[in-house]
Amino acid sequence: MTDSINKIKKIIVDRNLCIGAASCVVVAGSVFELNGENKAVMKQKEGIKNSGPVEKENLEDSLIDDGTLILAAQSCPTRAIILYDEDGKQIYP
Amino acid sequence: MKEVKYLIIGGGIAGTTAAETIRQNDLNGTIAIVSDEPYRLYSRIMLSKPNFFLEKIPFEQIWLKKEPWYAENNIMLLAGKKAVSLDFVKKEVKLDNGEIVRYEKLLLAVGGCARQWGTNGSGKKGIFYLRTLDDAKAIISAVKSSKNAVAIGGGFISFEMCDMLKLAGINVSLILRESYFWEPILDEPSGRIIERALEKGGVKIFYNSEVKEIIGGDKAEEVILDKGERIPCDMLVVGIGVVCPFSWVQAGGISVNRGILANEYLETDKPDIWTAGDSAEFNDIILGERVQLGNWVNAQMQGRIAGLNMVGKRNPFKLVSFYTTQGFGITIAFVGDVKPGQDRLVIGRGLPDSGSYGRILVKDGEIMGATLINRTSELGTISKLIEKDIKVSGHEKELGDANFDLKKLING
């Protein structure tokens, strides 16, 4: 289900799991892109790009809706995108 | 006889995503997935990744759905069963155990099978293909006791298998029928970059070569090439392409070509039957061509659109998809449609000698696709240029300039 009651606060890309399949780039291209090593990184304010942890409010596209972020995480074929809510609880996977 | 509202043939990412999407939009309609593999959904894309093979990633990470997910979502998984015939008038599919399933709406997400190799001796043990989890398990086990391996064919699977085998400490010989890696999808300079990386990584490449015979008793021990070279081997990994297992679909009267034919809504030419994933040869409205794409993102997103359309929406499938890989210190990405053709202008981006080289394929003034070596970071921007049908006529020079920021073309 793509609906979630709790809001997403923090996002991490597990670099060991990421294989650069880039499904997150397809679903949420305003947040994710691949870096030179073929790993997903998140685009943040002031041009910072890394695999996190990143607070959602510090994303370049901080207004992205949670549904899209969850869909991006769910689309990852290695479940490398980890989402946390405001209480620090892991929402996905 | 079973009766279901939604019948899905294929339990891979396309079929399972469709089932999940249907359930989100139709809480009560009965759904069944028929899968010819005895497993729940797993990450097929991970099968060829060295980290998985070498067990650096826990095996459990392969599963994308927990066991109870199917029951929790009231989705019937008929695993280990094959569909063998289709009657689109009666709306029935027959399975290999004789069971008949009647449907209201049918999705054909049958995927592909590894193309089989017909060389002398190719029936011996020690010859592996990679398509299913069982294939991968067999290779994982063989790797542990092998010293010499032979890889057949140039492409993503071969590239990744060579990487995995070298990381496992095995001697690897790669046999190419072509004169360079990935001919004719890539141009020669791109192929040579990949070959340099492979050779630097210790892979011995034989060009313009074919295996004449595989020697050994019950098990492969040595291969003889058509030019006479002999290569000892304990295992062979064959990656020579994919064929779609849909003769029963064709016999059922559905129009097929290389894949199952579909329009932009992923509808086949018969009522209430859709197709998605590797087996779909569909009308791509972004590219303006009929294409068949065998990649994860395409299969997943098509499953979603097919699912939505099966519950009564009518959304066209619109996506620029891609596949990327890395190994031997380089990254390779294919975006959009990369098949060469006389109607395409190919613009080289950067200099091959620099090791960072792209090719942008243009048709009628618009980008159709791109191949990128060590330029994966441009993948997102090129996807956007394709998706938005940006006219690039007159900008050929910029496209060819590796230092030109392609993002500038998006905003005109």
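Throughout, a chain's letter reflects where its sequence line sits, starting with A, and its residues are numbered from 1. Predicted model only: the values in this text are computed from it and were never measured. Quick note: numbers below take in every heavy atom, side chains included, and nothing from hydrogens, waters or symmetry partners.
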Give, as side chain, backbone, both or neither, the part of B/Trp69 having an atom under 4.5 angstrom from any heavy atom of chain A.
neither

Name the member of B/Phe52, B/Phe322, B/Tyr323 that forms the most heavy-atom pairs with chain A at distances under 4.5 Å.
B/Phe322

salt_bridge(B/Glu20, B/Lys65) N-O dist < 4.0 Å
yes

For the pair B/Trp63 and B/Tyr39, name the ring-plane relationship: parallel under 30°, tilted 30 to 60°, perpendicular over 60°.
tilted

Name the option with the most non-hydrogen atom pairs under 4.5 Å to chain B; the candidates are A/Val26, A/Val27, A/Asn35, A/Val25.
A/Val26

Relative to A/Tyr84, does A/Lys10 satisfy both conditions: NZ or CZ under 6.0 angstrom from the six-membered ring centre, and within 45 degrees of the ring's axis?
yes

Measuring heavy-atom distances to chain A, does B/Leu319 have an atom under 4.5 Å in its side chain, in its backbone, in both, or in neither?
side chain

Which atoms of B/Thr324 are under 4.5 Å from chain A, going by heavy atoms: the side chain, the backbone, both sets, or neither?
both

By a 4.5 Å heavy-atom criterion (distance strictly below it), what part of A/Asn16 contacts chain B: side chain, backbone, both, or neither?
backbone

Can you classify the ring geometry of B/Trp182 versus B/Phe334 as parallel (below 30°), tilted (30 to 60°) or perpendicular (above 60°)?
tilted

Would the number of heavy atoms belonging to other residues, nucleotides or ligands and lying under 6.0 Å from NZ of B/Lys137 be above 12?
yes

Tell me, side chain or backbone of B/Gln326 under 4.5 Å from chain A's heavy atoms, or both, or neither?
both

Looking only at A/Gly29, A/Ala21, A/Cys76, A/Pro93, most heavy-atom pairs under 4.5 Å shared with chain B are made by A/Ala21

Between B/Thr325 and chain A, with a heavy-atom cut-off of 4.5 Å, which part of the residue counts as in contact: side chain, backbone, both or neither?
backbone

Checking B/Asn374 against chain A: side chain, backbone, both or neither under 4.5 Å from a heavy atom?
neither

